[in-house]
Amino acid sequence: MSLTTLKPEYQAQEKEIQNTIYQHIDRWDDIVFSAGAGAGKTYALVESLKHIVKHHGRRLSEHNQKVICITYTNAATAEIKERLGDSQLIFVSTIHERLWELIKNHQKPLVAIHKGNLAKKIAEMEHDISTNADPKVEPKFRVYRALSQERRAEFEDIISDKLDIYYRLYDSPANKLRDGLTDVGEQFPDILKNVGNFKKIVDTILRLKKYKACIEKIDSDLDGYTEVRYESRFNRDILHRMIISHDTLLEYGQELVSQYDILKKIIIDSFPYILIDEFQDTNTAVVTIMRQLSAYSSKFGHNFLVGYFGDEMQSIYDDGIGHNLPTIHAGLVSVNKFLNRRSHQEVIDTINKIRDDNTDQKSIYSDCTGGSVEFYAYKKDGRAQIDNSEAVLNFANRYVNLWNISQENKLHCLVLTNKLVATLSKFENVHSGFTGTKYYKRFWDRTNTEVLSTDLTKLGTIPRLFFEIMNFQSKISNPRTPLESIIDRTILENASFDELSTCIKKCQELAGESIGGFVESIFNEYDGSQSSIFSQKVDHMFNGSFKSYDNFYKHVFDELFPNIDTEDESVLESVNKHVSDLLSITLEEFGRWYRFIADQQDSEIEFHTYHGVKGLEYENVIVIMENDFGRNRDKFSSFFMHVGNDTVPEEDKGRAEFMNTKNLLYVSCSRAIRNLRVLYLDDITKFDKGIKSIFHEIHCYPDC
DNA sequence: ACCTTGTGAATTTTT
DNA sequence: TTCACAAGGT
């Protein structure tokens, strides 16, 4: 056993650091607490909250004041609430929830800001149309720009007439849209030459119209236009319907705070302490709000404190404040912690080298050795026809015996993309089945949330439907599942024993190779009668929406391929093929997807993205790396060419891309408690020096 | 030879 | 949404 005995010296140091934080809190100093991976950041935050309650709680209660604790995710909110226990004095929430609570009752100024935002957007669009010379914008509006005012009005009229056709054929090939809009083509031949630009023009003038109409409605106090609403379910503003989403909420919040001193006063007086978790991920607008509150409080001698807790090296998203905290909020007192409570010495040594910023961590334990870190370069064997994902699986499997991997001691394998996670977890067809649909091609950025989220409330309509089916399938195929978790209680209560046993028998007879086959077998047993418990169960599962397999099929078809041109035989054929292919995927494969989503994976090896494991820790970690990521063809290769290379100017190492790569490497490698392996899939000979500067030795896989 | 146009492919995560 | 590239036109 290791990592069991605390070093007295470091234990004392840890206590001292905590006391330093308390002293600053007691003196109302705004602070920034920085600590690397595994240092116990959340512990420090929770203890600080407890300190405030213990030493200042009575005063807070007397003045009816509260403490605000802001987290980055709902998951973190839950975690902190759990560690903190019940406290009436502390409001733990995400920034969005808290900010909306603070500003939602000030609708008058909020609507004024909203109106200003609409006006700003209108001005931007008018600028794009008429005078923007940006080579990316100008060509799109060139044809429209050449039209006279009268012709523009005529164009607008004819488009308004044809709106239904326009939207129906929006995603059809260019010629189809042209054919549908022949009237427009005849009167304005130039404008339909480039369909991409045409759509841009039409979308812009339509939006202009809506925004202008919205301003008029606000001015005349029309019903529904006297208040702004915050919509948290999707990240998209619908400004002309008075709906804002996450980013705009922060923007409005910042404007409101900076414009209205009375709001600053209200916040400071009600919430004298604000502690922020994971400050590196916090939006600039939020830090700006904090700075303004802090400045206001010192100007008028109010007691107020902001505490930032985090680690700039773990900033892996571009919209967070990252290392710019001191620039936006100057004058913070720094408290640092260079201890590590998570990993073995070998891992700590490696992550210290990655950081390379004179903040070397030391293990808090005296028995901290016993881990291992090795870097492997993958040497492709020309004869063996295996692809990268097979190589990854083979590599991982080597360690199953070596490290005694089991259900209880899992191996966690980190890769860069969800696509690869799906392939390695062996539900590639489910993933591609969804990403290949019209809906997920059009909204490709929704795929990860709607198809792969372990937060069930975020699943898309069809993924959710398939999840319910698989949930049912998995329960009936496990003989130990209690009846009431298969059949809803309201149905059970009114059932006779005879009816129930018929239902159970029917469930047992359900079969099918594929998910489509399984649903077909469900509808073979379904008769729609109220007396059949089985049919009631089916209605309950599908919300009564489907009475036959055809209903079900049509629903899947319509949701995944909305608004397709059903008149076109070839389109119809290819869409039908795609839907049946999706429904032909085996229950086994869908089962793996289901257990991934439900967080019930039974495999000894689990796959995750680098980004997805932030904040987590695992005994055994394999990090899979390659040159490219996203649009960047040489993200990691160029990082290793820079690192440990004295001829590269320092300013190059300060560039955003370099820092982001470094942070990703840091976050992924610092998840390991004991064993860490890195497997690099591309040729590393051009940057082996950089790799050696962090990992010492380069091993080869399968061999050199 | 150069420009325009249309098509298809590409990341991660949170609220 | 943004970018790269192929196809086709001038």
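Numbered from 1 within each chain, the chains take letters A, B, ... in sequence-line order. Computed from heavy atoms alone, side chains included, the values below leave out hydrogens, waters and symmetry copies.
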Original post:
Any donor and acceptor pair, going by atom type alone, linking the side chain of A:Arg178 with main-chain N or O of A:Gly185 inside 3.5 Å?
Top reply: no

Original post:
Mind checking which nucleotides bracket the chain A contacts on DNA chain B, 5' to 3', with an atom under 4.0 Å from a heavy atom?
Top reply: B:dT4 to B:dT15

Original post:
Checking all strands, does A:Lys193 fall into the base, sugar-phosphate, or nothing category for heavy-atom contacts under 4.0 angstrom?
Top reply: sugar-phosphate

**OP:** With C1' as the reference atom in both, quote the distance from C:dC3 to B:dT13 in angstrom, rounded to an integer.
**Re:** 22 Å

Original post:
Counting any heavy atom closer than 4.0 Å, what does A:Lys635 reach on the DNA or RNA strands: base, sugar-phosphate only, or nothing?
Top reply: nothing

Distances under 3.5 Å only, N/O to N/O: pair up the protein atoms with those of nucleotides 2-7 of chain C.
{"residue": "C:dT2", "atom": "O2", "partner": "A:Arg631", "partner atom": "NH2", "Å": "3.0"}

**OP:** Please round to the nearest 0.5 Å and tell me the distance separating atom NZ of A:Lys162 and atom CG of A:Leu181.
**Re:** 7.5 Å

**OP:** Between A:Lys458 and A:Asn448, name the one whose nearest nucleotide on DNA chain B is closer to the 5' end.
**Re:** A:Asn448

**OP:** Indicate the atoms forming the closest heavy-atom contact of A:Lys614 with A:Val667, along with that distance.
**Re:** CG-CG1, 4.1 Å

**OP:** Using atom types as modelled and distance alone, determine if a side-chain donor or acceptor of A:Arg342 lies under 3.5 Å from a backbone N or O of A:Ser670.
**Re:** yes

Original post:
With respect to A:Glu657, which candidate in A:Lys635, A:Arg633, A:Arg631 satisfies the salt bridge (charged side-chain N to carboxylate O under 4.0 Å, His left out) definition?
Top reply: A:Lys635

**OP:** Indicate, with a heavy-atom threshold strictly under 4.0 Å, whether A:Asp281 touches base, sugar-phosphate, or nothing.
**Re:** nothing

**OP:** Would you indicate what A:Thr94 reaches in the nucleic acid, counting non-hydrogen atoms under 4.0 angstrom: base, sugar-phosphate, or nothing?
**Re:** sugar-phosphate

**OP:** Assess whether atom NZ of A:Lys200 is packed by more than 12 heavy atoms of other residues, nucleotides or ligands within 6.0 Å.
**Re:** no

Original post:
Looking only at heavy atoms, which two atoms of A:Val287 and A:Leu325 are closest? And how far apart?
Top reply: CG1-CD1, 3.8 Å

**OP:** Using atom types as modelled and distance alone, determine if a side-chain donor or acceptor of A:Asn418 lies under 3.5 Å from a backbone N or O of A:Val421.
**Re:** no

**OP:** Specify whether A:Phe375 and A:Phe640 have parallel, tilted or perpendicular ring planes, treating 30° as the upper limit for parallel and 60° as the lower limit for perpendicular.
**Re:** perpendicular

**OP:** Evaluate whether atom NZ of A:Lys441 has more than 12 neighbouring non-hydrogen atoms of other residues, nucleotides or ligands under 6.0 angstrom away.
**Re:** no

**OP:** Remember a base hit wins even if backbone is also touched, and classify A:Leu249 as base, sugar-phosphate or nothing at under 4.0 Å, heavy atoms.
**Re:** nothing

Subject >> Identified side chain to side chain contact (heavy atoms under 4.5 Å, CB included) counterpart of A:Leu681 within the set A:Asn627, A:Asn388, A:Val415 >> reply: A:Asn388

**OP:** Indicate, with a heavy-atom threshold strictly under 4.0 Å, whether A:Asn632 touches base, sugar-phosphate, or nothing.
**Re:** nothing

Subject >> Residue-level proximity of residues 68-78 of chain A to DNA chain B when a heavy atom falls under 4.0 Å >> reply: A:Tyr72, A:Thr73, A:Asn74

**OP:** Using the closest heavy atom to pick a nucleotide of DNA chain B for each, name whichever of A:Thr609 or A:Leu192 lands nearer the 5' end.
**Re:** A:Leu192

